[in-house]
J.: 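Handing you a structure now.
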Amino acid sequence: MIIMKKILVAEDSSVIQNLTKKILTLQNFQITSVKNGEQVLQKLDEESFDLILMDINMPVMDGIECTKKVRNLSDEAKKNIPIVAITGNARNYTMEEFLANGINDFIPKPLNFDQLVEKVRKYTS
């Protein structure tokens with residue numbers, strides 16, 4: 001039996017959410033999608049994930065704020081989940097800033113799906 005890795009996709013764009021879900025489902029990942037940081041925290045309350053793909057610019061709670069809250073969770077496994085930022089504003093952030101905020105890596109928008117699959121595999125293998 002193949003154990004599917006569970007990915008939480010936090011992205012307010014339905015188009016990107018759907019494309020990401022399609023691509024990663026074809027790669028045998030189990031995808032859960034939410035539209036903002038608050039929903040990420042709600043989902044983490046209910047279940048565990050192997051990776052979070054986190055859009056930086058989301059309504060209600062952005063990806064940076066959400067990542068900080070994830071890193072402060074009391075559950076050791078959940079607070080150490082790898083988080084890969086998805087951002088259209090990669091130029092506005094340095095890798096050091098991402099790391100300082102608890103983000104492990106990032107993928108710039110527009111998404112390159114080969115890069116997406118490669119990063120997801122890197123953090124879930």
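Predicted model only: the values in this text are computed from it and were never measured.
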J.: Could you check if a side-chain atom of I103 sits within less than 4.5 angstrom of a side-chain atom of V84, using non-hydrogen atoms only?
T.: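 Counting from C-beta outward, I103 and V84 never come under 4.5 Å.
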
J.: N80 side chain to E76 main-chain N or O, any donor-acceptor pair under 3.5 Å?
T.: yes

J.: Kindly give the heavy-atom pair with the smallest separation between L99 and N104, and that separation in Å.
T.: CD2-O, 4.0 Å

J.: Any side-chain heavy atom of R71 within less than 4.5 Å of one from I83?
T.: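 Yes, at least one pair of side-chain atoms sits under 4.5 Å.
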
J.: Given N57 and D62, is the side-chain contact (heavy atoms from CB on, under 4.5 Å) satisfied, shown in steps?
T.: CA-CA 5 Å; N57 297 312; D62 71 33; 5.6 Å; no

J.: Supply the atom-to-atom distance N101 CG to C66 SG, rounded to the nearest 0.5 angstrom.
T.: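 Spacing of CG (N101) from SG (C66) equals 12.0 Å.
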
J.: Within a strict 4.5 Å, meaning less than it, do heavy atoms of the K69 and E65 side chains meet?
T.: yes

J.: If you apply the rule side-chain contact (heavy atoms from CB on, under 4.5 Å), what do you find for L116 with L24, and how did you get there?
T.: CA-CA 9 Å; L116 172 70; L24 294 176; 4.3 Å; yes

J.: Would you mind reporting whether V70 and L41 have side-chain heavy atoms less than 4.5 Å apart?
T.: yes

J.: Just jot down the side chain to side chain contact (heavy atoms under 4.5 Å, CB included) partners of E96, sequence neighbours excluded, or say none.
T.: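 Applying side chain to side chain contact (heavy atoms under 4.5 Å, CB included) to E96 gives T94.
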
J.: Would you say K35 and S13 are linked by a side-chain donor-acceptor pair, where the criterion is simply a distance under 3.5 Å?
T.: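 No, because no side-chain N or O of S13 sits under 3.5 Å from a partner of the opposite role on K35.
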
J.: Side chains of L111 and T20: closer than 4.5 Å at any heavy-atom pair?
T.: yes

J.: So, for K119 and D105, which heavy atoms are closest and what is the spacing to 0.1 Å?
T.: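 Nearest heavy atoms, K119 then D105: NZ-OD1, 2.9 Å.
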
J.: Might you work through the side-chain contact (heavy atoms from CB on, under 4.5 Å) test for I56 and F98, ending with a clear yes or no?
T.: CA-CA 10 Å; I56 295 301; F98 282 135; 4.0 Å; yes

J.: Under 4.5 Å between any side-chain heavy atoms of M95 and F106, yes or no?
T.: yes

J.: Between V34 and L8, is a side-chain contact (heavy atoms from CB on, under 4.5 Å) present by the stated rule, with each step listed?
T.: CA-CA 8 Å; V34 296; L8 180 57; 4.1 Å; yes

J.: Please report the closest heavy-atom contact between I64 and Y93, naming both atoms and the distance.
T.: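 Taking every non-hydrogen atom into account, CD1-CE2, 4.2 Å.
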
J.: Would you mind reporting whether V9 and T32 have side-chain heavy atoms less than 4.5 Å apart?
T.: no

J.: Decide, yes or no, whether a salt bridge links E46 with K43 under the criterion of side-chain N to carboxylate O below 4.0 Å.
T.: yes

J.: Is the closest basic N to carboxylate O distance between K109 and D55 below 4.0 Å?
T.: yes

J.: In Å, rounded to the nearest 0.5 Å, how long is the span from CD of Q30 to NZ of K21?
T.: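 NZ of K21 is found 9.5 Å from CD of Q30.
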
J.: First locate atom CD1 of I7, then atom CD1 of I31, and finally report the distance between them rounded to the nearest 0.5 Å.
T.: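 CD1 of I31 is found 5.5 Å from CD1 of I7.
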
J.: Please name the pair of heavy atoms, one in K5 and one in T124, separated by the smallest distance, quoted to 0.1 Å.
T.: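 Taking K5 first and T124 second, the nearest heavy atoms are CE-O, 2.9 Å.
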
J.: Minimum heavy-atom separation for G63 to M54, with atom names?
T.: CA-CG, 3.6 Å

J.: Same cluster or not: are L26 and V15 linked, directly or through other Ile, Leu, Val, Met, Phe, Trp or Tyr residues, by side-chain heavy atoms under 4.5 angstrom apart?
T.: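 No; tracing contacts between hydrophobic side chains, which count when under 4.5 Å, never links both residues.
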
J.: Can you tell me if NZ on K22 sees more than 12 non-hydrogen neighbours from other groups inside 6.0 Å?
T.: no

J.: Just wondering, do Q27 and F113 contact through their side chains at under 4.5 Å, heavy atoms?
T.: no

J.: Looking only at heavy atoms, which two atoms of S48 and K78 are closest? And how far apart?
T.: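 Between these two residues, the closest heavy atoms are OG-CE, 3.4 Å.
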
J.: Nearest 0.5 Å please: distance from the CD1 atom of I16 over to the CD1 atom of I86.
T.: 7.5 Å

J.: Could you tell me whether the side chain of E38 and the main chain of M61 form a donor-acceptor pair under 3.5 Å?
T.: no

